[in-house]
Amino acid sequence: MTCSVAPGHSATRLQRWILANGSRCVFLALATLAAPAFSQDAATAIRLEDWTEQSHIEFRHVDGSSGRHYLVETVASGLASFDYDNDGDIDVYFLNGAALRGTNYEKQPTNELWRNLGQFQFASAAKQSRAGDSSFGLGICIGDVDNDGFADIYLSNIGANSLLLNNGDGTFSPVQTTALACGNWAGGGASMLDVDGDGNLDIYVANYIRFDYELPSSHFRGRTVYGGPLLFEKAPDYLLLNDGQGGFQDISESSGIRSAVEWGMGTICFDYDQDGDTDIFVANDSTPNSLFENDGTGKFNELALLAGVAYDHRGDPQGSMGIDVADFDADGQADIYQTAYTKQHATLYQNMGGGFFRDATLRTGAGAGTFLHVNWGTGFVDLDNDGDKDLFIANGHIHDNMDDLDDTVSYRIANQVLENLNGKRFADVSKQAGSGMSPVLSSRGAVIDDFDTDGRPDIIVLNSRERPSVLRNSSPTNDHWIEFDLVGSSSNRSAVGTRVEVETQYRTQILEVHSGRGYQSHFGSRLHFGLGQDAQVQRLVVHWHGSEPETFEALQADHLFLIRQGQAPLQCKNNQ
(Lines give C-alpha, C1' and ligand atoms only; values in the text may rest on other atoms or scores of the structure.)
Protein backbone atom coordinates (compact mmCIF):
# COMPACT_ATOMS: atom_id res chain seq x y z
CA MET A 1 0.00 0.00 0.00
CA THR A 2 1.32 3.43 -0.97
CA CYS A 3 1.03 6.47 1.27
CA SER A 4 -0.97 9.09 -0.61
CA VAL A 5 0.39 12.03 1.38
CA ALA A 6 3.96 11.89 0.14
CA PRO A 7 4.25 9.77 -3.03
CA GLY A 8 7.56 8.00 -3.33
CA HIS A 9 8.42 8.51 0.35
CA SER A 10 9.24 5.53 2.50
CA ALA A 11 7.73 5.46 5.99
CA THR A 12 11.09 6.49 7.42
CA ARG A 13 11.32 9.61 5.21
CA LEU A 14 7.71 10.51 6.02
CA GLN A 15 8.37 10.19 9.74
CA ARG A 16 11.32 12.55 9.41
CA TRP A 17 9.05 14.96 7.54
CA ILE A 18 6.59 14.84 10.46
CA LEU A 19 9.29 15.85 12.90
CA ALA A 20 10.30 18.75 10.69
CA ASN A 21 6.80 20.05 9.93
CA GLY A 22 4.78 19.30 13.05
CA SER A 23 2.23 16.61 13.86
CA ARG A 24 -1.03 18.53 13.68
CA CYS A 25 -0.86 19.48 9.99
CA VAL A 26 0.20 15.97 9.04
CA PHE A 27 -2.74 14.30 10.73
CA LEU A 28 -5.08 16.77 9.07
CA ALA A 29 -3.50 15.98 5.71
CA LEU A 30 -3.81 12.24 6.22
CA ALA A 31 -7.51 12.31 7.10
CA THR A 32 -10.25 12.60 4.55
CA LEU A 33 -12.13 15.57 5.93
CA ALA A 34 -15.44 14.99 4.15
CA ALA A 35 -17.14 11.97 5.69
CA PRO A 36 -19.35 9.89 3.39
CA ALA A 37 -22.91 9.19 4.40
CA PHE A 38 -23.48 5.80 6.03
CA SER A 39 -27.07 4.74 6.56
CA GLN A 40 -28.21 3.70 10.01
CA ASP A 41 -31.07 1.79 8.38
CA ALA A 42 -28.95 -0.55 6.27
CA ALA A 43 -30.08 -4.15 5.99
CA THR A 44 -27.88 -6.62 7.82
CA ALA A 45 -27.68 -10.34 8.50
CA ILE A 46 -26.27 -9.70 11.98
CA ARG A 47 -28.63 -10.71 14.80
CA LEU A 48 -27.77 -10.42 18.49
CA GLU A 49 -30.45 -11.64 20.90
CA ASP A 50 -30.88 -10.37 24.45
CA TRP A 51 -30.08 -13.58 26.36
CA THR A 52 -29.54 -12.01 29.79
CA GLU A 53 -32.37 -13.82 31.57
CA GLN A 54 -31.80 -17.16 29.86
CA SER A 55 -28.09 -17.11 30.75
CA HIS A 56 -28.89 -17.14 34.51
CA ILE A 57 -26.06 -14.69 35.19
CA GLU A 58 -27.12 -12.71 38.25
CA PHE A 59 -24.03 -10.59 38.83
CA ARG A 60 -24.73 -6.92 39.56
CA HIS A 61 -22.01 -4.29 39.33
CA VAL A 62 -21.43 -1.58 41.95
CA ASP A 63 -19.11 1.40 41.67
CA GLY A 64 -18.87 2.47 45.32
CA SER A 65 -20.77 5.70 44.64
CA SER A 66 -22.17 7.75 47.49
CA GLY A 67 -23.21 10.89 45.63
CA ARG A 68 -19.85 12.58 46.20
CA HIS A 69 -18.81 11.99 42.57
CA TYR A 70 -15.34 10.49 42.90
CA LEU A 71 -13.83 10.07 39.43
CA VAL A 72 -12.89 6.41 39.94
CA GLU A 73 -16.58 5.48 40.08
CA THR A 74 -17.00 6.36 36.43
CA VAL A 75 -14.27 4.15 34.99
CA ALA A 76 -15.30 0.84 36.59
CA SER A 77 -15.02 -1.85 35.32
CA GLY A 78 -13.69 -4.44 32.89
CA LEU A 79 -14.35 -8.20 32.69
CA ALA A 80 -12.76 -11.30 31.17
CA SER A 81 -13.80 -14.38 29.20
CA PHE A 82 -11.61 -17.48 29.29
CA ASP A 83 -11.77 -21.23 29.91
CA TYR A 84 -10.60 -21.41 33.52
CA ASP A 85 -11.25 -25.15 34.02
CA ASN A 86 -10.15 -26.44 30.58
CA ASP A 87 -13.51 -28.07 29.86
CA GLY A 88 -13.78 -26.49 26.41
CA ASP A 89 -16.42 -23.91 27.34
CA ILE A 90 -15.54 -20.25 27.79
CA ASP A 91 -16.37 -18.83 31.22
CA VAL A 92 -16.73 -15.19 32.32
CA TYR A 93 -15.19 -13.23 35.20
CA PHE A 94 -16.76 -9.91 36.27
CA LEU A 95 -14.83 -7.18 38.05
CA ASN A 96 -16.67 -5.26 40.74
CA GLY A 97 -16.22 -2.03 42.62
CA ALA A 98 -16.02 -1.59 46.38
CA ALA A 99 -17.29 0.89 48.95
CA LEU A 100 -15.73 4.34 48.66
CA ARG A 101 -15.80 6.98 51.38
CA GLY A 102 -19.41 7.61 52.44
CA THR A 103 -20.71 4.29 51.09
CA ASN A 104 -21.69 1.19 53.05
CA TYR A 105 -22.83 -2.15 51.66
CA GLU A 106 -24.59 -4.77 53.77
CA LYS A 107 -22.70 -7.44 51.83
CA GLN A 108 -19.17 -6.73 50.68
CA PRO A 109 -19.02 -6.60 46.85
CA THR A 110 -16.56 -8.97 45.18
CA ASN A 111 -15.51 -9.98 41.72
CA GLU A 112 -17.46 -12.98 40.44
CA LEU A 113 -16.54 -15.97 38.27
CA TRP A 114 -19.40 -17.58 36.32
CA ARG A 115 -18.88 -21.07 34.89
CA ASN A 116 -20.17 -21.90 31.43
CA LEU A 117 -22.29 -25.05 31.60
CA GLY A 118 -22.75 -25.21 27.84
CA GLN A 119 -25.64 -24.15 25.63
CA PHE A 120 -25.31 -20.59 26.94
CA GLN A 121 -26.16 -21.49 30.54
CA PHE A 122 -23.95 -20.17 33.37
CA ALA A 123 -23.66 -20.95 37.08
CA SER A 124 -21.87 -19.00 39.79
CA ALA A 125 -18.45 -20.36 40.70
CA ALA A 126 -17.63 -17.41 42.97
CA LYS A 127 -17.44 -19.34 46.26
CA GLN A 128 -15.92 -22.62 45.16
CA SER A 129 -13.32 -21.01 42.88
CA ARG A 130 -12.03 -18.63 45.59
CA ALA A 131 -11.49 -16.05 42.83
CA GLY A 132 -13.75 -13.42 44.41
CA ASP A 133 -11.24 -10.63 45.03
CA SER A 134 -12.87 -7.80 47.06
CA SER A 135 -10.62 -4.93 45.96
CA PHE A 136 -12.03 -2.13 43.81
CA GLY A 137 -11.52 -3.80 40.42
CA LEU A 138 -10.75 -1.82 37.27
CA GLY A 139 -8.74 -3.88 34.76
CA ILE A 140 -7.95 -7.53 34.09
CA CYS A 141 -5.84 -9.77 31.87
CA ILE A 142 -5.52 -13.54 31.61
CA GLY A 143 -2.58 -15.83 30.87
CA ASP A 144 -0.68 -18.87 32.10
CA VAL A 145 2.16 -17.12 33.94
CA ASP A 146 3.61 -20.33 35.38
CA ASN A 147 3.13 -22.47 32.23
CA ASP A 148 1.29 -25.20 34.11
CA GLY A 149 -1.54 -25.45 31.59
CA PHE A 150 -4.13 -23.38 33.48
CA ALA A 151 -4.97 -19.73 32.92
CA ASP A 152 -4.16 -17.27 35.72
CA ILE A 153 -5.78 -13.89 36.49
CA TYR A 154 -4.10 -10.52 36.96
CA LEU A 155 -6.22 -7.75 38.49
CA SER A 156 -5.61 -4.02 38.22
CA ASN A 157 -7.29 -2.27 41.16
CA ILE A 158 -7.46 0.91 43.16
CA GLY A 159 -4.48 0.34 45.41
CA ALA A 160 -2.62 -2.97 45.36
CA ASN A 161 -3.03 -5.21 42.33
CA SER A 162 -3.37 -8.98 42.58
CA LEU A 163 -2.32 -12.13 40.77
CA LEU A 164 -4.62 -15.14 41.19
CA LEU A 165 -2.86 -18.41 40.35
CA ASN A 166 -5.03 -21.16 38.90
CA ASN A 167 -4.49 -24.33 40.97
CA GLY A 168 -5.82 -26.60 38.21
CA ASP A 169 -8.63 -27.97 40.37
CA GLY A 170 -11.15 -25.19 39.80
CA THR A 171 -9.72 -22.94 42.51
CA PHE A 172 -7.39 -19.94 42.59
CA SER A 173 -4.81 -18.75 45.12
CA PRO A 174 -3.84 -15.07 45.49
CA VAL A 175 -0.20 -14.06 45.17
CA GLN A 176 0.64 -10.55 46.33
CA THR A 177 4.19 -9.22 46.24
CA THR A 178 5.58 -5.70 46.18
CA ALA A 179 6.36 -5.97 42.48
CA LEU A 180 2.89 -7.23 41.52
CA ALA A 181 1.10 -4.57 43.58
CA CYS A 182 2.30 -1.77 41.25
CA GLY A 183 1.97 1.14 43.65
CA ASN A 184 -0.93 2.92 45.30
CA TRP A 185 -2.73 4.01 42.15
CA ALA A 186 -6.10 3.75 40.48
CA GLY A 187 -5.28 1.22 37.78
CA GLY A 188 -6.08 1.03 34.10
CA GLY A 189 -5.81 -1.80 31.59
CA ALA A 190 -3.36 -4.67 31.97
CA SER A 191 -1.86 -7.03 29.41
CA MET A 192 0.44 -10.03 29.39
CA LEU A 193 3.21 -10.43 26.82
CA ASP A 194 6.55 -12.16 26.43
CA VAL A 195 8.83 -9.16 26.14
CA ASP A 196 12.08 -11.09 25.58
CA GLY A 197 10.92 -14.32 23.92
CA ASP A 198 11.93 -16.59 26.80
CA GLY A 199 8.59 -18.43 26.92
CA ASN A 200 7.41 -16.73 30.12
CA LEU A 201 4.54 -14.23 30.23
CA ASP A 202 5.43 -10.80 31.60
CA ILE A 203 2.85 -8.21 32.67
CA TYR A 204 2.26 -4.64 31.51
CA VAL A 205 0.13 -2.51 33.83
CA ALA A 206 -1.27 0.87 32.80
CA ASN A 207 -2.19 3.20 35.64
CA TYR A 208 -4.75 5.99 35.54
CA ILE A 209 -4.50 8.47 38.42
CA ARG A 210 -3.23 8.93 41.95
CA PHE A 211 -6.67 8.94 43.53
CA ASP A 212 -7.23 11.58 46.21
CA TYR A 213 -10.41 11.83 48.30
CA GLU A 214 -9.53 15.38 49.31
CA LEU A 215 -9.77 16.98 45.90
CA PRO A 216 -12.74 19.37 45.77
CA SER A 217 -15.88 18.50 43.83
CA SER A 218 -16.40 19.76 40.30
CA HIS A 219 -19.51 21.68 39.28
CA PHE A 220 -21.26 22.32 35.98
CA ARG A 221 -24.43 24.36 35.49
CA GLY A 222 -25.07 24.31 39.20
CA ARG A 223 -24.70 20.54 39.56
CA THR A 224 -21.99 18.46 41.18
CA VAL A 225 -20.28 16.40 38.49
CA TYR A 226 -17.28 14.11 38.09
CA GLY A 227 -14.01 15.96 37.59
CA GLY A 228 -11.72 14.79 34.81
CA PRO A 229 -8.26 13.21 35.03
CA LEU A 230 -6.49 16.56 34.61
CA LEU A 231 -7.31 17.29 38.26
CA PHE A 232 -5.19 14.32 39.35
CA GLU A 233 -1.51 13.42 39.21
CA LYS A 234 -0.54 11.12 36.34
CA ALA A 235 0.31 7.59 37.42
CA PRO A 236 3.34 5.74 36.01
CA ASP A 237 2.86 2.44 34.19
CA TYR A 238 4.68 -0.75 35.19
CA LEU A 239 6.37 -3.57 33.30
CA LEU A 240 6.94 -6.74 35.33
CA LEU A 241 9.44 -9.34 34.07
CA ASN A 242 8.60 -12.99 34.80
CA ASP A 243 11.71 -14.84 36.01
CA GLY A 244 10.17 -18.26 35.30
CA GLN A 245 10.58 -19.25 38.95
CA GLY A 246 7.39 -17.70 40.31
CA GLY A 247 8.80 -14.19 40.76
CA PHE A 248 8.50 -10.88 38.94
CA GLN A 249 10.96 -8.02 38.63
CA ASP A 250 9.98 -4.39 38.06
CA ILE A 251 11.80 -3.33 34.86
CA SER A 252 9.70 -0.23 34.21
CA GLU A 253 12.68 2.12 34.20
CA SER A 254 15.32 -0.08 32.58
CA SER A 255 12.97 -1.21 29.78
CA GLY A 256 12.23 2.37 28.70
CA ILE A 257 8.46 2.37 29.24
CA ARG A 258 8.73 5.14 31.85
CA SER A 259 9.72 7.52 29.04
CA ALA A 260 6.01 8.37 28.79
CA VAL A 261 3.82 8.89 31.87
CA GLU A 262 0.20 9.64 31.03
CA TRP A 263 -3.33 8.87 32.28
CA GLY A 264 -3.45 5.26 31.05
CA MET A 265 -6.69 3.46 30.22
CA GLY A 266 -6.99 0.54 27.77
CA THR A 267 -3.96 -1.51 26.70
CA ILE A 268 -3.14 -4.07 24.06
CA CYS A 269 0.14 -5.78 23.18
CA PHE A 270 0.72 -6.86 19.57
CA ASP A 271 3.40 -7.00 16.89
CA TYR A 272 2.43 -3.82 15.02
CA ASP A 273 5.43 -3.94 12.64
CA GLN A 274 5.57 -7.74 12.22
CA ASP A 275 9.21 -7.99 13.20
CA GLY A 276 8.62 -10.99 15.46
CA ASP A 277 8.45 -9.30 18.87
CA THR A 278 5.55 -7.84 20.82
CA ASP A 279 4.96 -4.10 21.11
CA ILE A 280 2.71 -2.20 23.55
CA PHE A 281 -0.10 0.26 22.80
CA VAL A 282 -1.69 2.33 25.59
CA ALA A 283 -4.84 4.40 25.09
CA ASN A 284 -4.33 7.48 27.29
CA ASP A 285 -7.09 9.72 28.58
CA SER A 286 -6.83 13.38 27.44
CA THR A 287 -3.15 13.05 26.49
CA PRO A 288 -1.34 11.48 23.50
CA ASN A 289 -1.50 7.70 23.21
CA SER A 290 1.66 5.65 23.73
CA LEU A 291 3.15 3.08 21.36
CA PHE A 292 6.20 1.30 22.74
CA GLU A 293 8.26 -0.47 20.08
CA ASN A 294 10.10 -3.58 21.29
CA ASP A 295 13.67 -3.85 20.03
CA GLY A 296 13.51 -7.64 20.43
CA THR A 297 15.34 -7.78 23.75
CA GLY A 298 12.66 -6.26 25.97
CA LYS A 299 13.82 -2.65 25.57
CA PHE A 300 11.21 -0.20 24.32
CA ASN A 301 11.13 3.10 22.43
CA GLU A 302 8.02 5.29 22.54
CA LEU A 303 7.05 6.39 19.01
CA ALA A 304 3.29 6.97 18.89
CA LEU A 305 3.80 10.38 17.25
CA LEU A 306 6.11 8.98 14.57
CA ALA A 307 3.75 6.07 13.91
CA GLY A 308 0.70 8.34 13.58
CA VAL A 309 -1.35 7.00 16.53
CA ALA A 310 -0.72 9.65 19.20
CA TYR A 311 -3.50 11.99 18.03
CA ASP A 312 -6.69 11.89 15.97
CA HIS A 313 -7.09 13.37 12.48
CA ARG A 314 -7.45 16.86 13.96
CA GLY A 315 -4.10 16.55 15.69
CA ASP A 316 -5.82 16.43 19.10
CA PRO A 317 -5.34 13.97 21.95
CA GLN A 318 -8.52 12.08 22.74
CA GLY A 319 -10.21 10.95 25.90
CA SER A 320 -9.11 7.47 24.89
CA MET A 321 -10.84 4.51 26.54
CA GLY A 322 -10.76 1.06 24.92
CA ILE A 323 -8.60 -0.48 22.21
CA ASP A 324 -8.55 -3.46 19.87
CA VAL A 325 -6.56 -4.51 16.82
CA ALA A 326 -7.31 -6.62 13.74
CA ASP A 327 -6.84 -6.48 9.99
CA PHE A 328 -10.07 -4.77 8.90
CA ASP A 329 -9.09 -4.33 5.23
CA ALA A 330 -7.41 -7.71 4.57
CA ASP A 331 -4.02 -6.27 3.62
CA GLY A 332 -2.12 -8.45 6.11
CA GLN A 333 -1.48 -5.57 8.55
CA ALA A 334 -3.03 -5.17 12.01
CA ASP A 335 -5.12 -2.00 12.31
CA ILE A 336 -6.10 -0.22 15.55
CA TYR A 337 -9.56 0.84 16.76
CA GLN A 338 -9.84 3.11 19.79
CA THR A 339 -12.90 4.39 21.62
CA ALA A 340 -13.09 7.93 23.01
CA TYR A 341 -14.98 10.56 24.99
CA THR A 342 -18.06 12.53 23.95
CA LYS A 343 -17.71 15.03 21.09
CA GLN A 344 -14.91 12.86 19.67
CA HIS A 345 -15.14 10.08 17.10
CA ALA A 346 -13.98 6.61 18.01
CA THR A 347 -10.90 6.32 15.81
CA LEU A 348 -9.70 3.77 13.26
CA TYR A 349 -5.94 3.87 12.66
CA GLN A 350 -5.21 2.06 9.39
CA ASN A 351 -1.86 0.30 9.24
CA MET A 352 -0.03 1.49 6.13
CA GLY A 353 2.97 -0.79 6.64
CA GLY A 354 6.51 0.29 7.37
CA GLY A 355 5.58 1.22 10.94
CA PHE A 356 3.11 3.95 9.98
CA PHE A 357 -0.66 4.41 10.50
CA ARG A 358 -3.20 6.91 9.21
CA ASP A 359 -6.53 7.99 10.69
CA ALA A 360 -9.12 6.37 8.40
CA THR A 361 -12.16 7.08 10.57
CA LEU A 362 -14.01 9.54 8.38
CA ARG A 363 -13.08 7.88 5.10
CA THR A 364 -14.39 4.48 6.21
CA GLY A 365 -17.27 5.51 8.47
CA ALA A 366 -15.70 3.68 11.40
CA GLY A 367 -16.80 6.51 13.70
CA ALA A 368 -20.44 6.44 12.61
CA GLY A 369 -22.75 7.27 15.52
CA THR A 370 -19.94 7.58 18.05
CA PHE A 371 -19.42 11.35 18.18
CA LEU A 372 -21.93 12.29 20.89
CA HIS A 373 -21.41 9.21 23.06
CA VAL A 374 -18.73 8.17 25.52
CA ASN A 375 -17.44 4.87 24.11
CA TRP A 376 -15.79 2.23 26.31
CA GLY A 377 -15.48 -1.46 25.49
CA THR A 378 -14.84 -2.42 21.89
CA GLY A 379 -13.74 -5.30 19.74
CA PHE A 380 -13.17 -6.38 16.17
CA VAL A 381 -15.30 -9.45 15.47
CA ASP A 382 -16.75 -11.21 12.42
CA LEU A 383 -20.34 -11.41 13.65
CA ASP A 384 -21.82 -12.74 10.38
CA ASN A 385 -18.91 -14.98 9.29
CA ASP A 386 -18.55 -13.22 5.94
CA GLY A 387 -14.76 -12.99 6.26
CA ASP A 388 -14.27 -9.42 7.45
CA LYS A 389 -14.10 -7.87 10.93
CA ASP A 390 -17.08 -5.91 12.21
CA LEU A 391 -16.97 -3.63 15.26
CA PHE A 392 -18.85 -3.72 18.56
CA ILE A 393 -18.89 -0.61 20.78
CA ALA A 394 -20.17 -0.30 24.37
CA ASN A 395 -21.52 3.16 25.25
CA GLY A 396 -22.37 5.12 28.40
CA HIS A 397 -21.61 8.58 29.75
CA ILE A 398 -19.60 9.20 32.93
CA HIS A 399 -22.03 11.74 34.43
CA ASP A 400 -25.00 10.05 36.09
CA ASN A 401 -26.88 13.37 35.95
CA MET A 402 -26.02 14.00 32.31
CA ASP A 403 -29.65 14.03 31.19
CA ASP A 404 -30.22 17.14 33.34
CA LEU A 405 -27.15 18.91 31.96
CA ASP A 406 -27.18 18.41 28.18
CA ASP A 407 -30.04 17.40 25.90
CA THR A 408 -27.69 16.04 23.20
CA VAL A 409 -26.20 13.18 25.25
CA SER A 410 -27.39 10.78 27.95
CA TYR A 411 -25.92 8.74 30.79
CA ARG A 412 -27.58 5.58 29.46
CA ILE A 413 -26.95 4.89 25.79
CA ALA A 414 -27.61 1.93 23.51
CA ASN A 415 -24.55 0.02 22.32
CA GLN A 416 -23.50 -0.19 18.67
CA VAL A 417 -22.58 -2.59 15.89
CA LEU A 418 -20.71 -1.30 12.85
CA GLU A 419 -20.79 -3.81 10.01
CA ASN A 420 -17.67 -4.12 7.86
CA LEU A 421 -18.59 -3.90 4.18
CA ASN A 422 -15.88 -5.83 2.32
CA GLY A 423 -13.01 -4.10 4.11
CA LYS A 424 -13.85 -0.76 2.51
CA ARG A 425 -16.20 0.97 4.93
CA PHE A 426 -18.44 0.46 7.94
CA ALA A 427 -22.20 0.94 8.35
CA ASP A 428 -24.01 1.47 11.65
CA VAL A 429 -26.54 -1.40 11.73
CA SER A 430 -27.26 -1.25 15.46
CA LYS A 431 -31.01 -0.71 15.11
CA GLN A 432 -31.39 -3.68 12.77
CA ALA A 433 -29.10 -6.08 14.66
CA GLY A 434 -31.65 -7.64 17.03
CA SER A 435 -33.02 -7.37 20.56
CA GLY A 436 -29.55 -7.51 22.10
CA MET A 437 -28.96 -3.98 20.87
CA SER A 438 -32.11 -2.60 22.51
CA PRO A 439 -31.03 -2.20 26.18
CA VAL A 440 -30.24 1.42 27.09
CA LEU A 441 -27.74 1.32 29.95
CA SER A 442 -24.37 2.82 30.87
CA SER A 443 -21.93 0.18 29.66
CA ARG A 444 -18.19 -0.20 30.31
CA GLY A 445 -16.20 -3.34 29.49
CA ALA A 446 -17.26 -5.93 26.90
CA VAL A 447 -16.04 -9.42 26.00
CA ILE A 448 -16.53 -11.23 22.70
CA ASP A 449 -16.26 -15.02 22.44
CA ASP A 450 -18.15 -18.02 21.10
CA PHE A 451 -19.83 -19.02 24.36
CA ASP A 452 -21.98 -21.81 22.87
CA THR A 453 -19.39 -23.07 20.35
CA ASP A 454 -21.73 -22.75 17.40
CA GLY A 455 -19.28 -20.76 15.28
CA ARG A 456 -20.93 -17.39 15.93
CA PRO A 457 -19.18 -15.02 18.38
CA ASP A 458 -21.34 -13.75 21.24
CA ILE A 459 -20.97 -10.69 23.48
CA ILE A 460 -21.27 -9.99 27.21
CA VAL A 461 -21.24 -6.39 28.43
CA LEU A 462 -20.57 -5.11 31.95
CA ASN A 463 -23.00 -2.30 32.79
CA SER A 464 -22.25 0.26 35.49
CA ARG A 465 -24.53 -0.23 38.55
CA GLU A 466 -26.57 -2.89 36.73
CA ARG A 467 -26.67 -6.51 35.65
CA PRO A 468 -24.64 -7.34 32.54
CA SER A 469 -26.10 -7.58 29.07
CA VAL A 470 -25.73 -11.02 27.48
CA LEU A 471 -25.97 -11.03 23.68
CA ARG A 472 -26.33 -14.36 21.92
CA ASN A 473 -25.39 -14.33 18.24
CA SER A 474 -28.20 -15.84 16.17
CA SER A 475 -27.18 -14.40 12.80
CA PRO A 476 -28.95 -16.54 10.14
CA THR A 477 -25.91 -17.03 7.96
CA ASN A 478 -24.83 -19.99 5.85
CA ASP A 479 -21.26 -18.76 5.80
CA HIS A 480 -18.52 -20.96 7.20
CA TRP A 481 -16.15 -20.47 10.14
CA ILE A 482 -13.19 -22.04 11.92
CA GLU A 483 -11.79 -21.62 15.45
CA PHE A 484 -8.46 -22.42 17.09
CA ASP A 485 -7.29 -23.02 20.65
CA LEU A 486 -3.49 -22.73 20.73
CA VAL A 487 -1.13 -24.26 23.31
CA GLY A 488 2.55 -23.39 23.25
CA SER A 489 5.47 -25.51 24.41
CA SER A 490 8.71 -23.63 23.72
CA SER A 491 6.43 -20.61 23.26
CA ASN A 492 4.43 -19.57 26.32
CA ARG A 493 1.60 -22.02 27.04
CA SER A 494 -1.12 -19.42 26.37
CA ALA A 495 0.41 -18.73 22.93
CA VAL A 496 0.17 -14.98 23.62
CA GLY A 497 1.87 -13.12 20.78
CA THR A 498 1.37 -15.97 18.30
CA ARG A 499 0.05 -14.91 14.88
CA VAL A 500 -2.16 -17.18 12.79
CA GLU A 501 -2.65 -16.90 9.02
CA VAL A 502 -5.66 -18.62 7.46
CA GLU A 503 -5.61 -18.99 3.67
CA THR A 504 -8.74 -20.05 1.76
CA GLN A 505 -9.75 -19.94 -1.89
CA TYR A 506 -10.95 -16.35 -1.74
CA ARG A 507 -8.97 -14.63 1.01
CA THR A 508 -6.14 -14.69 3.55
CA GLN A 509 -6.79 -13.55 7.13
CA ILE A 510 -4.58 -12.94 10.16
CA LEU A 511 -5.21 -12.86 13.90
CA GLU A 512 -2.89 -12.67 16.89
CA VAL A 513 -3.43 -14.05 20.39
CA HIS A 514 -3.69 -11.21 22.92
CA SER A 515 -3.86 -11.02 26.70
CA GLY A 516 -5.78 -7.91 27.75
CA ARG A 517 -7.72 -5.78 25.24
CA GLY A 518 -10.88 -3.73 24.80
CA TYR A 519 -11.72 -1.53 27.76
CA GLN A 520 -9.62 -2.93 30.64
CA SER A 521 -10.85 -6.41 29.71
CA HIS A 522 -9.71 -9.73 28.25
CA PHE A 523 -11.31 -11.90 25.56
CA GLY A 524 -10.65 -13.80 22.36
CA SER A 525 -7.90 -16.23 23.37
CA ARG A 526 -9.76 -18.70 21.15
CA LEU A 527 -9.25 -17.35 17.64
CA HIS A 528 -12.35 -17.14 15.43
CA PHE A 529 -12.31 -16.72 11.65
CA GLY A 530 -15.37 -16.23 9.47
CA LEU A 531 -14.73 -17.89 6.11
CA GLY A 532 -17.66 -16.77 3.96
CA GLN A 533 -18.40 -19.37 1.27
CA ASP A 534 -15.04 -21.12 1.77
CA ALA A 535 -15.72 -24.61 3.15
CA GLN A 536 -12.06 -25.45 3.69
CA VAL A 537 -8.90 -23.80 4.94
CA GLN A 538 -6.34 -24.57 2.28
CA ARG A 539 -3.33 -23.46 4.31
CA LEU A 540 -2.82 -22.57 7.96
CA VAL A 541 0.40 -20.97 9.20
CA VAL A 542 0.99 -20.64 12.95
CA HIS A 543 3.78 -18.17 13.74
CA TRP A 544 4.51 -19.28 17.31
CA HIS A 545 5.86 -16.41 19.39
CA GLY A 546 9.61 -16.75 19.78
CA SER A 547 9.68 -19.99 17.75
CA GLU A 548 9.60 -21.27 14.19
CA PRO A 549 6.27 -21.22 12.30
CA GLU A 550 4.31 -24.38 11.52
CA THR A 551 2.20 -24.97 8.41
CA PHE A 552 -0.85 -27.22 8.01
CA GLU A 553 -3.09 -27.89 5.03
CA ALA A 554 -6.69 -28.87 4.22
CA LEU A 555 -8.62 -28.15 7.42
CA GLN A 556 -12.40 -28.58 7.22
CA ALA A 557 -14.47 -25.51 8.08
CA ASP A 558 -17.12 -25.29 10.80
CA HIS A 559 -14.96 -26.87 13.49
CA LEU A 560 -12.93 -25.92 16.55
CA PHE A 561 -9.35 -27.19 16.45
CA LEU A 562 -6.84 -27.58 19.26
CA ILE A 563 -3.28 -26.94 18.09
CA ARG A 564 -0.42 -27.86 20.40
CA GLN A 565 2.96 -26.57 19.31
CA GLY A 566 4.77 -29.33 17.44
CA GLN A 567 1.61 -31.41 16.85
CA ALA A 568 -1.03 -31.66 14.12
CA PRO A 569 -4.37 -29.88 14.69
CA LEU A 570 -6.92 -31.88 16.68
CA GLN A 571 -10.60 -31.43 15.84
CA CYS A 572 -12.52 -30.82 19.06
CA LYS A 573 -16.12 -29.73 19.32
CA ASN A 574 -18.84 -28.96 16.81
CA ASN A 575 -22.31 -27.79 17.82
CA GLN A 576 -23.51 -27.04 14.31
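Treat the numbers as computed from the prediction; the structure is a model and nothing was measured.
Side-chain N or O atoms of S77 include none that pairs as donor or acceptor with a backbone N or O of L138 at under 3.5 Å. No donor-acceptor distance shorter than 3.5 angstrom exists from the side chain of N284 to the backbone of E262, with no hydrogens or angles considered. Judged by distance alone, with hydrogens and angles left aside, the side-chain atoms of D390 form a donor-acceptor pair with the main-chain N or O of N420 at under 3.5 Å. A distance-only check finds no donor-acceptor pair linking the side chain of Y84 to the backbone of W114 [under 3.5 Å]. For the pair S443 (side chain) and N463 (backbone), a donor-acceptor distance under 3.5 Å is absent. A donor-acceptor contact shorter than 3.5 Å is absent between the side chain of N96 and the backbone of P109.
In summary, the side chains of D449 and S81 do present a donor paired with an acceptor at a separation below 3.5 Å, with no hydrogens or angles considered. If you check the side chains of S474 and E49, you find a donor sitting under 3.5 Å from an acceptor. With no hydrogens or angles considered, no side-chain donor-acceptor pair links Q338 and T347 at under 3.5 Å. A donor-acceptor pair shorter than 3.5 Å can be found between the side chains of S320 and N289. At a cut-off of 3.5 Å, with distance as the only test, no side-chain donor of D450 or H528 sits close to an acceptor on the other residue.
Within the 4.5 Å cutoff, side-chain heavy atoms of D146 are placed close to those of D144.
The nearest pair of heavy atoms linking L527 to E512 is CD2-O, 3.9 Å.
The pair R517-D324 counts as a salt bridge, with a side-chain nitrogen and a carboxylate oxygen less than 4.0 angstrom apart.
S438 pairs by the side chain to side chain donor-acceptor pair (under 3.5 Å) definition with nothing, not counting sequence neighbours.
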